[in-house]
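Since the structure comes first, as structure tokens, the remarks are kept for the end.
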Amino acid sequence: MRVKIKSWHGVASWLWVANDENCGICRMAFNGCCPDCKVPGDDCPLVWGQCSHCFHMHCILKWLNSQQVQQHCPMCRQEWKFKE
């Protein structure tokens, strides 16, 4: 028995590989996007700190800008430094 494929529609999905499922600031899933964005993906990337905590880029930038004196990770309170 032979089967002939007349048409094919590929479907792809993606996932961020992070140490958690949700952003610790906005509590939205990493597979989605932060409250400021309309569409998940490259416009709403994830960023990691040297402490290994991960957040939506827009969320951590807002958090850091709201800190008056020193910029700390909202989860562990270590000094925030972006992981390179």
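Keep in mind that what you see is a predicted model, and the values were worked out from it rather than measured.
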So, does W63 use its side chain to make a donor-acceptor pair with the main chain of H72 at under 3.5 Å? yes
Verify, without hydrogens or angle tests, whether Q71 (side chain) and W80 (backbone) share a donor-acceptor contact under 3.5 angstrom. no
Quick one: [atom1] on [X] to [atom2] on [Y], what's the gap to the nearest 0.5 Å?
X	Y	atom1	atom2	result
Q78	Q70	CD	CD	12.5 Å
C34	L61	SG	CG	10.0 Å
C51	K81	SG	NZ	11.5 Å
L46	C23	CG	SG	8.0 Å

On a heavy-atom basis, the closest approach of H56 and A29 is NE2-O, 3.7 Å
Least distance between heavy atoms, P74 atom then I60 atom: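 Minimum heavy-atom contact is CD-CD1, 3.9 Å.
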Does any part of the side chain of [Y], heavy atoms only, come nearer than 4.5 Å to the side chain of [X], both counted from C-beta?
X	Y	value
C73	F55	yes
C44	M57	no
C33	M28	no

Is it possible for you to say whether F82 and M75 belong to one hydrophobic cluster, with membership spreading through side-chain heavy-atom contacts below 4.5 Å?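 Per the 4.5 Å side-chain linkage, F82 and M75 are co-clustered.
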Run the side-chain contact (heavy atoms from CB on, under 4.5 Å) test on N22 and F30 for me, step by step, so that the C-alpha distance in whole Å, both residues' side-chain angles and the decisive distance to 0.1 Å come before the verdict. CA-CA 5 Å; N22 298 323; F30 286 138; 5.8 Å; no
